[in-house]
> 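Please see the structure below; I have some questions.
What's counted below: heavy atoms across the whole structure, side chains too, no hydrogens, waters or symmetry copies.
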Amino acid sequence: MLELFNQTSFHCSRIITEQYSTSFTLGIRTLDRRFHMPIYGIYGFVRCADEIVDTFHDFDKKALLDKFREDTYSAIKDRISVNPVLHAFQLVANQYGIEHELIECFLDSMEMDLYEQDYTSDNYCKYIYGSAEVVGLMCLRVFCEGDRDMFERLRDGACKLGAAFQKVNFLRDMKSDYIERGRVYFPGVQFTTFDPDSKHEIEKDIEADFDAAYQAILMLPRGARQGVYLAYVYYRTLFDKIKKIPAARIQEERIRVADGKKLALLAHTYFKFRMNALMPAFF
């Protein structure tokens, strides 16, 4: 009967993923089937922590996050939790050897959202690493399936991809982060005076992250490559759309890629993958 609870726990994390992110859901579905549930397990975990600090405004967020942190480590140590999301995550963490250091950095970044509103360069880098890069590393642990050499080769690229995704999110959500939560993540940038020069500098930084990440995607195991590439293409498409609009629109609306466009990107990347068109010669 424990296997039924395991399956149900992963199903809960899958539902969370499907409800919160159509782009990541599409990406996960194009991974090899053996990776589906582990990645759902990771996404469910990080989404729950993010919700605590971003949306539970009528509750004691610090107390909730502290309890979530405590329950996370207890679940991993005991190899069981009555919280389905944490139970699914501990199964992944224990099977694939996800380091406590990665989990701790992630939860520390979530806690920063309880206090930080204006970010210095140091805090910005710390937050990006904990909130995004380590999530990429958790997923990479799954994709490498115990191959330590592969993990080390791809570590930097996984970090760069997570950083690119997060920075695009910061641009996309700049209005809501400021209006609803009082946050501006980009160091030295003020929401009320956000200008084309600031936007251009941020975009150059994101472009460099994307370029570095692409090379690592090409070296991923085949079962992981298409799904990660699809997520990359989606975020590049969103980023390219953001680059074309003036800074003032970032202050006024949340830029998004329509669901129909996402499906078109899925079809296009599937075709390219089947034709081996995104692979370098040695593949």
Side-chain angles (χ1 to χ4, degrees), residues 9-10 13 16-17 20-21 24 27-28 31 35-54 65-79 81 83 85-114 116 122-167 169-170 185 209 212-213 216-217 219-221 224 227-228 231:
S9 296
F10 278 117
S13 289
I16 289 170
T17 308
Y20 278 93
S21 178
F24 278 108
I28 291 171
L31 296 170
F35 295 138
H36 288 192
M37 291 307 167
I39 302 302
Y40 283 135
I42 292 171
Y43 185 89
F45 168 74
V46 301
R47 173 50 60 186
C48 282
D50 197 52
E51 285 301 292
I52 290 172
V53 299
D54 275 357
L65 187 62
D66 286 347
K67 186 65 166 62
F68 188 80
R69 187 192 297 260
E70 177 186 346
D71 290 347
T72 296
Y73 289 123
S74 293
I76 294 170
K77 177 178 176 291
D78 298 338
R79 295 179 177 266
S81 176
N83 178 329
V85 171
L86 291 183
H87 183 67
F89 181 70
Q90 70 81 16
L91 287 170
V92 180
N94 282 311
Q95 179 178 350
Y96 294 96
I98 293 175
E99 302 93 321
H100 281 213
E101 182 267 337
L102 299 182
I103 300 168
E104 189 70 5
C105 286
F106 169 73
L107 293 171
D108 285 349
S109 282
M110 294 301 97
E111 187 168 352
M112 288 174 70
D113 272 336
L114 298 178
E116 301 286 350
D122 288 344
N123 277 357
Y124 176 70
C125 291
K126 179 181 177 181
Y127 185 86
I128 291 286
Y129 177 74
S131 66
E133 294 181 24
V134 301
V135 178
L137 293 175
M138 291 180 195
C139 293
L140 186 61
R141 279 291 181 206
V142 173
F143 298 148
C144 291
E145 299 181 287
D147 188 329
R148 294 181 179 274
D149 290 339
M150 180 186 295
F151 180 83
E152 291 303 323
R153 285 198 306 272
L154 301 181
R155 172 190 282 272
D156 186 62
C159 288
K160 294 295 186 182
L161 188 62
F165 287 177
Q166 184 68 294
K167 292 168 188 176
N169 286 341
F170 288 164
Y185 288 102
D209 285 338
I217 292 172
M219 295 186 287
L220 281 168
V228 177

> Look up atom CG in Asp147 and atom CD in Glu152, then write down how far apart they are to the nearest 0.5 Å.
10.5 Å

> Once rounded to the nearest 0.5 Å, what's the spacing between atom CD of Glu145 and atom CE of Met150?
8.5 Å

> When rounded to the nearest 0.5 angstrom, what is the spacing between CD1 in Ile42 and CE in Met138?
7.0 Å

> When the aromatic ring centroids of Phe143 and Tyr96 are compared, is their separation below 6.0 Å?
no

> Does the side chain of Arg47 reach to within under 4.5 Å of the side chain of Thr17, using non-hydrogen atoms?
no

> Measure across Ser21 and Tyr43 and return the closest heavy-atom pair with its distance rounded to 0.1 Å.
CB-OH, 3.4 Å

> Return the CZ to CD1 distance between Arg141 and Ile98, rounded to the nearest 0.5 Å.
8.5 Å

> Within a strict 4.5 Å, meaning less than it, do heavy atoms of the Met110 and Phe68 side chains meet?
no

> Would you mind reporting whether Asn123 and Tyr185 have side-chain heavy atoms less than 4.5 Å apart?
no

> Would you indicate whether the side-chain heavy atoms of Tyr127 and Asp113 approach each other to under 4.5 Å?
yes

> Which residue in the set Leu86, Asn94, Val92 passes side-chain contact (heavy atoms from CB on, under 4.5 Å) when paired with Gln90?
Asn94

> Angle between ring planes, Phe89 versus Phe45, binned at 30° and 60°: parallel, tilted or perpendicular?
parallel

> Is the shortest side-chain heavy-atom distance between Leu140 and Leu220 below 4.5 Å?
yes

> Any side-chain to backbone donor/acceptor pair from His36 onto Ile28? Under 3.5 Å, distance only.
yes

> Are Leu91 and Met37 close enough that some pair of their side-chain heavy atoms sits under 4.5 Å apart?
no

> With distance as the sole criterion, is a donor-acceptor pair present between the side chains of Ser131 and Gln166 under 3.5 Å?
yes

> Would you name the heavy atoms of His87 and Ser9 that are closest together and state the gap between them?
CD2-OG, 3.4 Å

> Indicate the atoms forming the closest heavy-atom contact of Ala132 with Gly162, along with that distance.
CB-O, 3.3 Å

> Testing the basics here: between Gly44 and Ile16, what is the closest heavy-atom pair and its distance to 0.1 Å?
CA-CG2, 4.3 Å

> Could you state the interatomic distance from CG (Leu107) to CD1 (Ile52), rounded to the nearest 0.5 Å?
9.0 Å

> What are the two closest heavy atoms between Gly157 and Ala216, and how far apart are they?
CA-CB, 3.5 Å

> Going by heavy atoms in the side chains, are Phe106 and Asp50 under 4.5 Å from each other?
no

> For Glu104 and Tyr73, does a side-chain donor sit closer than 3.5 Å to a side-chain acceptor?
yes

> Considering non-hydrogen atoms only, spot the tightest contact between Gly227 and Leu31 and give its length.
CA-CD2, 3.8 Å

> Mind checking the CG-SG spacing from Asp71 to Cys48? Nearest 0.5 Å is all I need.
11.5 Å

